[in-house]
Amino acid sequence: MSKDILIGFFFACKDIDLIADRQHEFLLFAMGARTAFAGKDPKSAHRELPPILKGHFDRRLTLLKEVLEDYSLSDEDIRTWIDFEAAFRPVVETETHQKSS
């Protein structure tokens with residue numbers, strides 16, 4: 001993701017290994033494989049980044065799907081994983097519309 005033309009800028013000057021480790025730990029917790037997580041919740045972890053728009057979030061899911069396919073996961077497992085990740089959209093994605101008065 002860090003080299004992707006559409007979302008790579010989110011990772012500029014960041015420790016990619018640390019980000020991967022933190023996400024791995026969070027996912028283990030969120031999937032129920034761990035009972036505790038000491039890191040930041042997704043909303044806090046993304047707070048200081050530039051706005052994450054729908055297209056950015058969609059691109060990340062596309063890249064994730066490609067990686068899962070490369071590892072020969074079944075279509076059902078890929079869909080389950082993508083759906084799980086997509087559930088975080090409301091927390092991570094920056095709202096870009098204002099309510100009309």
Side-chain angles (χ1 to χ4, degrees):
M1 287 189 299
S2 65
K3 295 178 183 173
D4 185 74
I5 193 166
L6 297 176
I7 63 172
F9 71 94
F10 286 107
F11 303 95
C13 302
K14 303 275 193 286
D15 183 338
I16 301 302
D17 292 331
L18 179 62
I19 292 170
D21 288 344
R22 287 181 178 166
Q23 182 160 17
H24 178 251
E25 292 298 315
F26 172 75
L27 288 174
L28 288 174
F29 169 71
M31 291 179 175
R34 300 261 169 92
T35 58
F37 174 66
K40 294 179 182 178
D41 63 85
K43 187 170 190 159
S44 298
H46 294 87
R47 184 171 288 139
E48 295 183 21
L49 294 176
I52 298 173
L53 306 177
K54 180 183 185 309
H56 299 129
F57 197 93
D58 291 345
R59 179 63 179 161
R60 183 184 172 280
L61 292 180
T62 296
L63 295 173
L64 174 60
K65 183 176 185 284
E66 290 172 0
V67 169
L68 298 175
E69 289 171 344
D70 288 346
Y71 278 89
S72 301
L73 270 71
S74 71
D75 290 344
E76 181 180 350
D77 288 343
I78 291 171
R79 175 59 26 218
T80 298
W81 197 324
I82 295 296
D83 289 348
F84 175 82
E85 294 271 345
F88 292 98
R89 182 184 296 270
V91 177
V92 174
E93 194 174 287
T94 304
E95 192 149 342
T96 58
H97 62 279
Q98 305 263 341
K99 290 185 178 181
S100 299
S101 302

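All residue numbers in this chain count up from 1 along the given sequence. The figures that follow rest on heavy atoms only: side chains count, while hydrogens, waters and symmetry mates do not.
- More than 12 heavy atoms of other residues, nucleotides or ligands lie within 6.0 Å of CG in Leu18, so this atom counts as buried by the packing criterion.
- Nearest heavy atoms, Glu85 versus Leu64: CG-CD2, 3.5 Å.
- Between the side chain of Thr94 and the backbone N or O of Leu53 there is no donor-acceptor pair closer than 3.5 Å.
- Within the structure, every pair that satisfies the side chain to side chain donor-acceptor pair (under 3.5 Å) test and touches residues 23-43, not counting sequence neighbours, is listed here: Glu25-Arg34, Asp41-Ser44.
- Applying the side chain to side chain donor-acceptor pair (under 3.5 Å) rule to pairs touching residues 2-14 yields Asp4-Arg59, sequence neighbours excluded.
- Under a hydrophobic-cluster definition in which Ile, Leu, Val, Met, Phe, Trp and Tyr are linked whenever side-chain heavy atoms come within less than 4.5 Å, directly or via other members, Ile5 and Ile7 are assigned to the same cluster.
- Counting heavy atoms from C-beta on, the side chains of Arg89 and Asp58 come closer than 4.5 Å.
- In this view, Pro90 satisfies the side-chain contact (heavy atoms from CB on, under 4.5 Å) rule with no residue, not counting sequence neighbours.
- A pairwise comparison of heavy atoms in Ile52 and Val92 identifies CD1-CG1, 3.5 Å as the closest pair.
- In terms of hydrophobic clustering, with Ile, Leu, Val, Met, Phe, Trp and Tyr side chains grouped at heavy-atom distances under 4.5 Å, Val67 and Ile19 are assigned to a common cluster.
- Partners of Asp17 by side-chain hydrogen bond (donor to acceptor under 3.5 Å, both in side chains), not counting sequence neighbours: none found.
- Rounding to the nearest 0.5 Å gives a distance of 10.5 Å between OG1 of Thr80 and CG of Asp75.
- Scanning for salt bridge (charged side-chain N to carboxylate O under 4.0 Å, His left out) contacts around Arg22 gives an empty result, with sequence neighbours left out.
- Partners of Asp70 according to the salt bridge (charged side-chain N to carboxylate O under 4.0 Å, His left out) rule, which considers only residues two or more places apart in sequence or in another chain, do not exist here.
- Every residue two or more places apart in sequence or in another chain that forms a salt bridge (charged side-chain N to carboxylate O under 4.0 Å, His left out) with Glu69 is listed here: Lys65.
- Residue Ile16 holds its CD1 atom at 8.0 Å from CE of Met1, rounded to the nearest 0.5 Å.
- Applying the ring-ring contact (aromatic ring centres under 6.0 Å, His included) rule to pairs touching residues 50-81 yields Phe9-His56, Phe10-His56, sequence neighbours excluded.
- Taking CD1 of Ile78 as the start and CD of Glu66 as the end, the distance is 10.5 Å to the nearest 0.5 Å.
- For Phe88, the ring-ring contact (aromatic ring centres under 6.0 Å, His included) partners at least two apart in sequence or on another chain are Phe26, Phe84.
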